[in-house]
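As structure tokens, the structure follows; a few thoughts come after it.
Keep in mind that what you see is a predicted model, and the values were worked out from it rather than measured.
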Amino acid sequence: MSPFERAVRDILDRVSLVQVVSEYVQLKKAGRTYKGLCPFHQEKTPSFGVNEEKKVFYCFGCQFGGNAVTFLQRVAGLSKIEAIRRLSVMSGIPLPDDRGPDPAEDAAAKERADLVKALQVASEFFSDRLASPGGTAAREYLESRGIGREVATAFGLGFGGLRHGELTAALEHRKVPLRHAEAAGLVSRSHHGGEWYERFRGRLVCPVFNLDGAPIAFSARLIPPDEDGPKYVNSPESPVFRKGEALFGLHQARRAIRQQKSAVMVEGNFDVLSLAAVGIGNVVAPMGTALTGTQVKLLKRFTDTVTVMFDGDEAGRKASRRAVGLLVEAGVEGRVAALPDGEDPDSRARSLGEPGVREVLDRAKPMFTHLIDSLVKIHGWTPHGRRTIVEEAREVLAHESDPTRHGIYRQELAQRLQVDLSELRRLLREPAALTEAGRDVEPCPKAERQLLELMVLHPRFIPRFLDEGEASLLTHPEVRDLYAELYELYSADPDGDPVEAFVERGEGGGPVRLLVSRVLATPQMYREPDADFAAVLATLRAAALEREKPADVGDDFDQGLQALAATTALKRRQLDARAAKPRT
């Protein structure tokens, strides 16, 4: 093992996987392990588990698992070496410089690093310009909107500068090639003469941060707002930014969201800033686009309860109705806080402060109740109107796969519309019952599955099985393959723990692998592993002897005597096997 590989092992041993995962997933203690909603696929019932003792995570829904490095690679979009370096900092264990080259990985990591550096330098420049004499108009504008210095600092607000070439000069001074700035959406070539055009010049700039606190994009408002030109300009998409996947303010709000176990969803950046200015910190907004399912899924990593508070105009009401379907699909406990006509969260906060906003939030309705009330106002109470409401509600409930919730929503719809429940049940799609992963597994002998579970929890049983038994005791084809895989992993590194690599190979694996991997979520089921191993081994031996029973030989006397002798010997061996089996 090289010094680099040894350092990586030490890092993974020292770092808390629960701490790493908790930055992205809301975890709850479940015995000796932790459970939460998988950040890698859409789900409503937690199937994502973290085993701190084994230093592995595993999702029983999408069958993806691994260690802290694997997790950061997938959830944060890091390369392997980027993830290792981050964990190195967390653990305090330095990395030696003898890693082998990986050209493709290094190139992708360098591209992201170049973009993030350009964005970071730009963010620092914008903050500096806001504090400079040239940023007076921007500061006065913030003050007029009730945004003080503390909030401006917390959200990294800035100003794009007044003079042409200020940003490009700052980038060049910090050794940032302008081609990187162009890829990050900070500058572009003008159509006249090929000069560099600075996208955010003359604008108040709001950075968008990823969950690690690094700027990945900007949203900028024209200052003063009555000049010619679009009011808002946003960063284009890039390798580090997808607008449908980002939420403005989430980096700043996630601690408050976790503390309050709820989040408020608003429409725009200034809604977030104004609510933060009056002391409401658990607020986020979609980034430059209508709310998406991906954004709801991202928010659900931190809370199961979301209150939508969009603008009090027709566009805001329509967006609220659309949001209900997304919240239902994500399995979120949603509420809708309706603002009076002509108000938005920003104006409400500035005119009435925190009490005025809290009053609206406190009278928020459950999302499905709000949807029905809203549709009644639109379509009316006539038979045709109520039928239209049922049809629109059906489109929303089509996203609900939980039979219990679907039934409750259906009953509420019947009561509110005063229609027959049985008729409504006919009109609405019955949700497909959630199927448990592994339910249709090819029959696998219980003892063979238990043997693999013990090996996953206690790798010392992998070679011991061959010392005290033999591979021929295994009859299920996938069990034999999985044992061969475990033995191969163990032989390659007898001092290590093969479960990490075993779990990482699980994505798209067979049903037995899925069932066996579940033991990582309930390691306490084998409280006396040595006795359990002996009992399983005795059961496998007894089953093998049972398979050796001679077939019926009919009236052939000689074959009958041979069968009697074989049966007598078999019974003696079975008795010996039972005597050796420990009591459990």
Side-chain angles (χ1 to χ4, degrees), residues 12 17-18 20-21 25 27-75 434-462 465 474-490 492-493 496-527 529 532-533 536:
L12 292 174
L17 181 58
V18 169
V20 173
V21 174
V25 178
L27 294 176
K28 295 180 181 178
K29 194 84 162 61
R32 287 161 53 188
T33 59
Y34 297 80
K35 293 185 70 176
L37 292 167
C38 179
F40 308 123
H41 82 287
Q42 190 80 16
E43 66 175 3
K44 302 175 183 179
T45 302
S47 62
F48 179 88
V50 176
N51 188 315
E52 184 70 41
E53 296 175 13
K54 304 294 285 185
K55 300 292 186 182
V56 295
F57 70 88
Y58 190 76
C59 176
F60 305 110
C62 63
Q63 302 179 39
F64 177 71
N67 57 20
V69 174
T70 316
F71 180 81
L72 288 176
Q73 283 182 268
R74 177 72 72 93
V75 78
L434 297 176
T435 57
E436 180 182 355
R439 189 174 62 181
D440 298 326
V441 171
E442 177 186 348
C444 170
K446 180 180 178 181
E448 296 187 26
R449 174 177 56 79
Q450 290 175 326
L451 178 71
L452 292 178
E453 290 174 343
L454 284 162
M455 290 176 177
V456 166
L457 292 175
H458 307 282
R460 67 178 185 275
F461 292 134
I462 297 173
F465 177 61
L474 305 178
T475 61
H476 193 281
E478 189 182 351
V479 171
R480 290 198 298 266
D481 291 342
L482 293 176
Y483 174 71
E485 181 181 333
L486 283 169
Y487 188 81
E488 174 193 353
L489 293 170
Y490 178 86
D493 186 8
D497 190 342
V499 68
E500 182 182 306
F502 179 81
V503 166
E504 285 190 32
R505 295 181 181 184
E507 193 170 16
V512 177
R513 181 193 288 270
L514 175 59
L515 289 176
V516 169
S517 297
R518 285 179 179 270
V519 77
L520 293 168
T522 55
Q524 63 273 14
M525 66 184 296
Y526 294 106
R527 300 186 184 279
D532 293 328
F533 176 78
V536 167

- Message: Any side-chain to backbone donor/acceptor pair from N51 onto L520? Under 3.5 Å, distance only.
- Response: yes
- Query: Taking atom CG of L454 and atom CE of M525, what is their separation to the nearest 0.5 Å?
  - Reply: 8.5 Å
- Task: Could you tell me whether a side-chain N or O of K446 sits under 3.5 Å from a main-chain N or O of E448, the two making a donor and an acceptor?
- Result: no
- Of the options P46, P39, C38, which is the one that meets V25 in a side chain to side chain contact (heavy atoms under 4.5 Å, CB included)? P39
- Message: Looking at every non-hydrogen atom in both residues, tell me the closest pair between Y58 and S517 and how far apart they are.
- Response: CE2-CB, 3.5 Å
- Query: Is a side-chain N or O of K55 found less than 3.5 angstrom from the main chain of A68, in a donor-acceptor match?
  - Reply: no
- Note on the structure: Closest non-hydrogen atoms of V69 and N67, given as atom of the first, atom of the second and distance, are N-OD1, 3.0 Å
- Query: For the atom pair CG (L457) and CG (L452), what is the distance rounded to the nearest 0.5 Å?
  - Reply: 11.0 Å
- What distance do H458 atom NE2 and Y526 atom OH have between them, rounded to the nearest 0.5 Å? 9.5 Å
- Answer yes or no: are there more than 12 heavy-atom neighbours, outside K28 itself, under 6.0 Å from its atom NZ? no
- Message: With rounding to the nearest 0.5 angstrom, report the CZ to CG distance, F461 to D532.
- Response: 8.0 Å
- Item | Test side chain to side chain contact (heavy atoms under 4.5 Å, CB included) applied to D493 and L489, step by step | CA-CA 7 Å; D493 186 8; L489 293 170; over 6 Å; no
- When rounded to the nearest 0.5 Å, the distance separating CG of L27 from NZ of K35 is 11.5 Å
- Message: Please find the pair of heavy atoms, one from A447 and one from V536, that lie closest to each other, and give the distance.
- Response: O-CG1, 3.2 Å
- Considering residues at least two apart in sequence or located in another chain, which fulfil the ring-ring contact (aromatic ring centres under 6.0 Å, His included) criterion with F71? Y24, F40, F57
- Query: Ignoring hydrogens and geometry, is there a side-chain-to-backbone donor-acceptor pair from R513 to F502 under 3.5 Å?
  - Reply: yes
- Counting only N and O atoms by type, is there a donor-acceptor contact under 3.5 Å from the side chain of E453 to the main-chain atoms of V519? no
- To the nearest 0.5 angstrom, please state how far the CZ atom of R449 sits from the SG atom of C444. 7.0 Å
- Can you check whether F48's main-chain N or O pairs, donor with acceptor, with Y34's side chain at less than 3.5 Å? no
- Query: So Y487 and Y483, would you call those rings parallel, tilted or perpendicular, with 30° and 60° as cut-offs?
  - Reply: tilted
